[in-house]
Amino acid sequence: MSAHLNAPQRDAIHYLDGPSLVLAGAGSGKTRVITHKIAHLINACGLNPANIAAITFTNKAAKEMQERVAGLMGGRVPGGLTVCTFHALGVKIVRQEAKHCRLKPQFSILDASDTVQIVADITRDADKARSKAMQWQISGWKNAMVTPEQAAQLADNELASAAALLYAEYERTLRAYQAVDFDDLISLPVRLFDEHPEVRERWQNKLRYLLVDEYQDTNRAQYTLLRHLAGVRGAFTAVGDDDQAIYAWRGADVENLKLLQQDYPKLKVIKLEQNYRSSKRILTAANTLIANNEKLFDKRLWSEHGAGEQVTVTACRDAEHEAEWVASKINAHKFEHRTKFSDYAVLYRGNHQARLIEQQLRNQKIPYVISGGQSFFDKAEIRDLIAYLRLLMNEDDDLAFIRAITTPRRGIGAGTLEALGSYAGRRHVSLFAATFEEGAAQALNARQLEQVQEFGNFINRLQYRATREPASRLLEDLLAAIRYEAWLFEHLDPREAESKWSNVRDFVGWLGRKGDEDGKNLIELTQTIALISMLDKNDSEFDGVQLATLHASKGLEFKHVFLVGVEEGLLPHQSSIDEDKIEEERRLMYVGITRAQRSLNITWCERRKAGKEARTCEPSRFIEEMGGDVKVNDRKSNVPVSKEEGRARIANLMAMLEGRGG
DNA sequence: GCACATGAGCTTTTT
DNA sequence: GCTCATGTGC
């Protein structure tokens, strides 16, 4: 096993005398280092798996880490081993220590749109963009461990001052709902450990060795949490690459790399510079591009691979043609090289770009998977259902109460809710609790009271059953009781209702199976729902082209990569150009390039629709910065007229026939 | 007082 | 294309 490891990798794995930082270039085997180190700690050092935690930033990375650890450890993740995201670890801590955080263990986790709505509710401001900006500001403060009092001092513009005024009430509102936002999942444990040394010690003794993936993406709060957990022992390995820092917008600070050296003077720094992933031409393009950035640590990636295919740059007429070209190219390439669909990835800057790509892939009968998945939980029908689940778990969750009681419509509208809300506000109780108070009879008229209490009783009955019956049966009964399917078909056109209902079926089926597999009831499932992404389940088996944002692609690799929309204004994004944040965009491009093993195709559009108007685009400066060893495709051949498309269709058909025959 | 229909505006990246 | 915001009928 060790035979596959190079010298620096072995050093990184075997070094256990103190804190270490592994600077791992793209494709240099950093996941291999982390997973082998876990195996080493357990097998060679005799550490109990329950005392080890590997922390990642995304669910996807956590899942891959688990699979690879299992691969090293005889097919199973060792019992008790923690491999999860920062936020999932935060949830675990806050749930277990809920009373110290003044929360009940069944607190709700709010997502981005919930928190924006809370800000809007507090300000009674209909301007959603402004609410969003203020929530953004508050989130930034929380990530930087800035209190409401400090925020008031720091605020240097009108919006920030307004947000500072809101901040404290925002926090009070969350607590009143017995809810936390994503930022709390990090900052609450930090505060907990600040205030309760004995709790901190307990966790330090539980998690005796920490491995942190993508360290360059930690924000201040996450770093503080890491320090609390690592304590003076400093038993941790942080793995990161400053060239792949792409989360500054979320408060990540590459300075944390420097800070680590300051705070742990004995920090052992190990560099991994041999790239195992990409052919030389791709690696050279990546190196040449990233050389345009100021470097924090000097690092030079090299590879033993051959030169490989030339990187291609293709200009397309517009985004439709771009998508069409990519789809045709995949079909043709697959036929020619006898590859699998899952060997291909299409990467893009923004989620909205996925739509056109999806359309074209469907047109050309190419199977695909979209990673990211968050958007699935953002769909109205899924949020409807989650509102019920959240309410079952935590009846103080007023946001969930309002959404559930009004969806589907059951004769309760704004008027009723306003009356109930103002009564609940006077009594300082949740909407749900107010429903059953005697005083509610004065606040509401007889019909309103009856309807509201009927709903309350309905929820109570479900709650009673939720801890006693299998999740799948309860979900079925819930859907039947609220007549969700009928409601969808009554007020939407059949196609839309069909699609929404099918999403609901997917979600319910998935949740039910998960409950049965893990032996969890509905309440327990709901506790983790905000943090998991459902699309994690099927990607290993399914043969489809991978669609992902550049951010979501980090940590993954593909034989053949298509990087689309590489234009000024998109990559680098206009807002980054305006704010002079080009370097992070360049790193994003670097991440995209370094995903590719064998071939890299870059496309850009001469015209792109921005809202209604189509506007003329320039190729991204990054294309030039990659150096001259690229093949620029002739523009005429890129307009996929019927000939190209026809050829692709035939190729596709033949591939299908071939598959059927043997 | 409530539900439904139409229209406008918006899209950077994630937990 | 998809959500939210506002106006009209029951």
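Worth knowing before you read on, the calculation uses all heavy atoms, side chains too, and leaves out hydrogens, waters and symmetry mates.
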**Student:** Please state how far atom CD in A:Gln527 lies from atom P in B:dT15, giving the value in whole angstrom units.
**Tutor:** 20 Å
**Student:** How close or far is atom P of B:dT14 from atom CG of A:Asp217, stated in whole angstroms?
**Tutor:** 12 Å
**Student:** When you compare the side chains of A:Tyr368 and A:Arg362, does any donor N or O come within less than 3.5 Å of an acceptor on the partner?
**Tutor:** yes
**Student:** Would A:Lys142 and A:Ser139 count as a side-chain contact (heavy atoms from CB on, under 4.5 Å) if you check the C-alpha gap in whole Å, the side-chain angles of each, and the deciding distance to 0.1 Å?
**Tutor:** CA-CA 5 Å; A:Lys142 290 174 83 163; A:Ser139 171; 5.7 Å; no
**Student:** Please state how far atom CD1 in A:Ile382 lies from atom P in C:dC2, giving the value in whole angstrom units.
**Tutor:**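 Result: 14 Å.
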**Student:** How close or far is atom P of B:dC10 from atom CD of A:Gln353, stated in whole angstroms?
**Tutor:** 19 Å
**Student:** Do any N or O atoms of the protein come closer than 3.5 Å to N or O atoms of nucleotides 1-5 of chain B, and which pairs are they?
**Tutor:**
{"unit_1": "B:dC2", "atom_1": "OP1", "unit_2": "A:Thr416", "atom_2": "N", "d": "3.2"}
{"unit_1": "B:dC2", "atom_1": "OP1", "unit_2": "A:Thr416", "atom_2": "OG1", "d": "2.7"}
{"unit_1": "B:dC2", "atom_1": "OP2", "unit_2": "A:Gly415", "atom_2": "N", "d": "2.8"}
{"unit_1": "B:dA3", "atom_1": "OP1", "unit_2": "A:Gly411", "atom_2": "N", "d": "3.0"}
{"unit_1": "B:dA3", "atom_1": "OP1", "unit_2": "A:Ile412", "atom_2": "N", "d": "3.4"}
{"unit_1": "B:dA3", "atom_1": "OP2", "unit_2": "A:Arg409", "atom_2": "NH1", "d": "3.2"}

**Student:** Check this for me: does any side-chain nitrogen of one of A:Lys379 and A:Glu381 sit under 4.0 Å from a carboxylate oxygen of the other?
**Tutor:** no
**Student:** How many Å lie between NZ on A:Lys132 and C1' on B:dG9, as a whole number?
**Tutor:**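 Taking atom C1' of B:dG9 as the reference, NZ of A:Lys132 is at 12 Å.
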**Student:** Nearest to the A:Thr85 side chain among B:dT11, B:dT15, B:dT14, which nucleotide is it?
**Tutor:** B:dT15
**Student:** So which protein N/O to nucleotides 7-10 of chain C N/O distances come out below 3.5 Å?
**Tutor:**
none

**Student:** Supply the atom-to-atom distance A:Thr526 OG1 to A:Leu389 CG, rounded to the nearest 0.5 angstrom.
**Tutor:**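 Between atom OG1 of A:Thr526 and atom CG of A:Leu389 there are 4.5 Å.
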**Student:** With a 4.0 Å limit, can you tell me whether A:Asn351 has a side-chain N or O closer than that to the phosphate oxygens OP1/OP2 of B:dT13?
**Tutor:**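 The answer is yes; a side-chain N or O of A:Asn351 sits under 4.0 Å from OP1 or OP2.
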**Student:** On DNA chain B, check which nucleotide each of A:Ala112 and A:Ser575 is closest to and give me the residue with the more 5' one.
**Tutor:** A:Ser575
**Student:** With A:Arg621 as reference, evaluate A:Glu568, A:Glu567, A:Glu585 under the salt bridge (charged side-chain N to carboxylate O under 4.0 Å, His left out) test and give the passing residue.
**Tutor:** A:Glu568
**Student:** Base, sugar-phosphate alone, or nothing: which one does A:Phe57 contact when heavy atoms must sit under 4.0 Å apart?
**Tutor:** sugar-phosphate
**Student:** Please tell me which of the listed nucleotides, B:dT15, B:dT14, C:dT3, lies nearest to the side chain of A:His551?
**Tutor:**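 Selected nucleotide: B:dT14.
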**Student:** Is there a side-chain contact between A:Ile246 and A:Leu550, using heavy atoms and a 4.5 Å cut-off?
**Tutor:** no
**Student:** In whole angstroms, how far is the C1' atom of B:dT14 from the NZ atom of A:Lys63?
**Tutor:** 19 Å
**Student:** Say you draw a straight line from CG of A:Leu166 to CD1 of A:Ile122; how long is it, rounded to the nearest 0.5 Å?
**Tutor:** 5.5 Å
**Student:** For A:Arg250, report the nucleic acid contact type (base, sugar-phosphate, nothing); a contact means any heavy atom under 4.0 Å.
**Tutor:**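 Since a base atom lies under 4.0 Å of A:Arg250, the category is base.
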**Student:** Angle class for the A:Trp249/A:His551 ring planes (parallel below 30°, perpendicular above 60°, tilted otherwise)?
**Tutor:**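 Because their plane-to-plane angle is over 60°, the rings of A:Trp249 and A:His551 count as perpendicular.
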**Student:** Is the A:Trp141 ring parallel, tilted or perpendicular to the A:Tyr167 ring (thresholds 30°, 60°)?
**Tutor:** parallel
**Student:** What is the distance, rounded to the nearest whole Å, between atom CG of A:Asn59 and atom P of B:dT15?
**Tutor:**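 The distance from CG of A:Asn59 to P of B:dT15 comes to 6 Å, rounded to the nearest Å.
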**Student:** Taking the six-membered ring for Trp, are the ring centroids of A:Phe401 and A:Phe455 within less than 6.0 Å of each other?
**Tutor:** yes
**Student:** Quick test of the criterion, 5.5 Å between centres and less than 30° between planes. Is A:Trp249 stacked on B:dT13 or not?
**Tutor:** yes
**Student:** How many Å lie between CZ on A:Arg355 and P on C:dT3, as a whole number?
**Tutor:** 11 Å
